[in-house]
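Start at 1 and go down the list; that is how both ligands and their atoms are numbered. Excluded from the calculations below are hydrogen atoms, water molecules and symmetry mates; all remaining heavy atoms, backbone and side chain alike, are included.
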Amino acid sequence: MKISVIGAGNVGATLAMRIVESNMADVVLVDILDGLAKGKAVDISDAAPILGHEKNIEGTTDISKIKDSDVVVMTAGLARKPGMSRDDLIGKNAAIIGAVAQAIRINCPKAIVVVVTNPLDVMTYHMIKITGFSKNKVLGMAGTLDSSRLINILAEQLNVERKSIETIVLACHGDTMVPVLSATKVNGRPLYEVLPKEKIEEVINKTKFRGSEIVEYLKTGSAYYSTSAGVLQILNAIKNDTDQILPVSAYLDGEYEIKECCLGVPVKIGRNGINEIVEITLTAEERAALQESAQKTIEMIRVLS
Ligand code: APR
């Protein structure tokens with residue numbers, strides 16, 4: 001399997017490292033800045049004898065090296081600085097997506113594309129439009145990360161093991177994200193039974209603003225360790241053709257009564273990308289929140305087109 005990672009910044013380089021170190025695939029790491037991808041690739045590669053893997057990683061400024069990739073992960077673009085929302089990145093990142101999407105279309109027309117660049121759902125939509133790829137081949141990574149954040153924060157709050165928590169976070173990667181509380185369980189018990197309502201609200205708020213919290217600490221960029229882990233989970237499902245249900249940003253054509261929009265929903269993922277969009281049961285309140293999040297995303301998509 002060949003995976004290309006576009007952008008050798010914090011997210012891209014960390015992801016490239018995770019891919020080779022988990023023996024998943026050979027990697028081509030591309031960045032527009034001269035020497036950045038090459039330097040990081042050589043550095044990551046030099047650790048292989050210590051860590052004991054045999055995967056190769058090549059760093060380059062030449063995007064045609066992505067030729068015949070099975071998967072392309074798009075991380076190139078600006079990251080947030082303190083005080084910025086993900087939506088503030090829209091104009092500049094759309095231009096970067098546009099250029100990279102053309103290169104993907106030409107060099108690897110059969111690839112699955114995983115978008116990480118923010119604002120995530122709008123950029124995923126833009127990638128589909130510019131590549132012209134079918135909707136099952138392009139998806140955005142956010143829900144795996146948001147769900148992981150929610151689990152982590154809940155586990156800390158409840159002082160339980162992370163693996164005892166089951167949950168899923170849907171909708172837009174931003175403050176309109178929708179944690180599906182009706183499907184959230186702790187050791188098999190509904191969350192409502194183990195945590196008071198006000199505490200649940202606190203946990204949700206913390207999850208929604210976890211990304212901003214990290215931006216405030218870092219001051220010069222945004223999250224990347226957890227972000228790259230969220231992508232790795234998706235790549236694993238693709239590589240091993242697991243058909244696992246994961247929340248990703250997918251193009252909706254009537255599912256959940258939403259059209260012409262990419263939004264975080266549960267999907268079955270395998271070797272061909274999205275095999276199926278899964279319509280889980282939501283409460284009326286959750287469904288309304290999903291619709292509202294879609295509406296905001298559609299408005300942003302309109303700004304772009
Ligand atoms: N082609 C290739 N690389 C590019 C291009 C391009 N057209 N334009 C920009 N880049 C590169 C930059 O040179 C930089 O090295 O993308 C990299 C981005 O790296 P960082 O600034 O470290 O940003 P990062 O933290 O990796 O975030 C990237 O992921 O989570 C999102 O919001 C985040 O949109 C941001 C993206």
Side-chain angles (χ1 to χ4, degrees), residues 4-19 27-41 43 58-66 69 72-107 113-127 130-131 139-146 148-149 172-175 177 209-232 234 248-249 264 300 304:
S4 290
V5 178
I6 317 296
N10 284 336
V11 176
T14 313
L15 174 65
M17 188 178 81
R18 287 192 192 280
I19 295 169
V27 171
V28 172
L29 181 63
V30 184
D31 201 285
I32 207 164
L33 284 183
D34 191 31
L36 186 76
K38 186 137 198 108
K40 291 192 179 183
D43 192 16
E58 180 189 357
T60 181
T61 51
D62 177 4
I63 198 150
S64 71
K65 293 267 176 74
I66 68 175
S69 298
V72 179
V73 184
M74 175 59 181
T75 80
L78 303 186
R80 283 194 283 170
K81 301 246 160 59
M84 287 173 88
S85 81
R86 294 183 182 95
D87 301 350
D88 294 334
L89 306 168
I90 193 166
K92 290 201 166 114
N93 283 354
I96 295 171
I97 290 265
V100 171
Q102 304 275 14
I104 295 173
R105 187 163 55 81
I106 294 163
N107 291 290
V113 184
V114 180
V115 178
V116 186
T117 307
N118 275 312
L120 193 269
D121 305 275
V122 183
M123 293 301 123
T124 306
Y125 181 91
H126 198 44
M127 182 65 87
I130 308 282
T131 53
L139 49 106
M141 189 294 300
T144 49
L145 167 63
D146 292 327
S148 182
R149 283 177 172 162
C172 177
H173 185 44
D175 48 13
M177 70 178 72
F209 294 100
R210 186 64 131 192
S212 310
E213 182 189 346
I214 294 168
V215 170
E216 292 299 322
Y217 295 138
L218 294 178
K219 297 185 182 69
T220 54
S222 51
Y224 53 102
Y225 293 114
S226 53
T227 310
S228 54
V231 181
L232 200 77
I234 293 171
V248 304
S249 186
M300 278 205 289
L304 197 66

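Looking at Arg86, its side chain never comes within 3.5 Å of a backbone N or O of Ala79 through a donor-acceptor pair. With hydrogens and angles disregarded, no donor-acceptor distance shorter than 3.5 Å links the side chain of Lys65 to the backbone of Val28. For Asn107 (side chain) and Ala103 (main-chain N/O), a donor-acceptor pair under 3.5 Å exists by modelled atom type. The backbone N or O of Gly140 sits nowhere less than 3.5 Å from a side-chain atom of Ser249 that would complete a donor-acceptor pair. Side chain of His126 to main chain of Ala94: a donor-acceptor pair is present (N/O by atom type, distance under 3.5 Å, no hydrogens or angles). A donor-acceptor pair is defined here as one N or O able to donate and one able to accept, closer than 3.5 Å; such a pair exists between the side chain of Thr75 and the backbone of Gly7. A donor-acceptor pair under 3.5 Å links the side-chain atoms of Asn93 to the main chain of Leu78, judged by distance alone. Although no hydrogens or angles enter the test, the distance criterion places a donor-acceptor pair under 3.5 Å between the side chain of Thr117 and the main chain of Ala76.
Atom numbering of ligand 1 starts at 1 in the shown order; those under 4.0 Å from a heavy atom of Leu33 are 13 (O). With ligand atoms numbered from 1 in the order given, ligand 1 contributes 28 (C), 29 (O), 36 (C) to contacts under 4.0 Å with heavy atoms of Thr75. If you number the atoms of ligand 1 from 1 as listed, the ones under 4.0 Å from a heavy atom of Leu36 come out as 15 (O).
At under 3.5 Å, not a single nitrogen or oxygen of Thr117, backbone or side chain, sits near a nitrogen or oxygen of ligand 1. Taking distance alone, with nitrogen or oxygen atoms compared against 3.5 Å, Leu78 approaches ligand 1 more closely than that limit. For the pair Asp31 and ligand 1, the shortest N or O to N or O distance falls below 3.5 Å. On a distance-only criterion, Asn10 and ligand 1 share at least one N/O pair closer than 3.5 Å. Ligand 1 has no nitrogen or oxygen under 3.5 angstrom from a nitrogen or oxygen of Ile6.
Comparing Ala13, Gly211, Gly9, Gly77 against atom 16 (O) of ligand 1, the shortest heavy-atom distance belongs to Gly77.
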Check step by step if side-chain contact (heavy atoms from CB on, under 4.5 Å) holds for Ile6 and Val73. CA-CA 6 Å; Ile6 317 296; Val73 184; over 6 Å; no

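With respect to atom 26 (O) of ligand 1, the closest heavy atom belonging to the protein is Val11 N, 2.8 Å. Of all protein heavy atoms, the one closest to atom 10 (N) of ligand 1 is Ala76 CB, 3.8 Å. If you check which protein heavy atom lies closest to atom 23 (O) of ligand 1, you get Ala79 CB, 3.7 Å. Atom 29 (O) of ligand 1 has Val116 O, 3.8 Å as its closest protein atom, hydrogens excluded (heavy atom only). Closest to atom 30 (O) of ligand 1 among all protein heavy atoms lies Asn118 ND2, 3.6 Å. Ranking protein heavy atoms by distance to atom 2 (C) of ligand 1, first place goes to Ile32 N, 3.4 Å.
Residue contacts with ligand 1, taken as heavy atom pairs separated by less than 4.0 Å, involve Asn93 solely via side-chain atoms from C-beta onward.
No more than 12 heavy atoms of other residues, nucleotides or ligands sit less than 6.0 Å from atom CG of Asp34.
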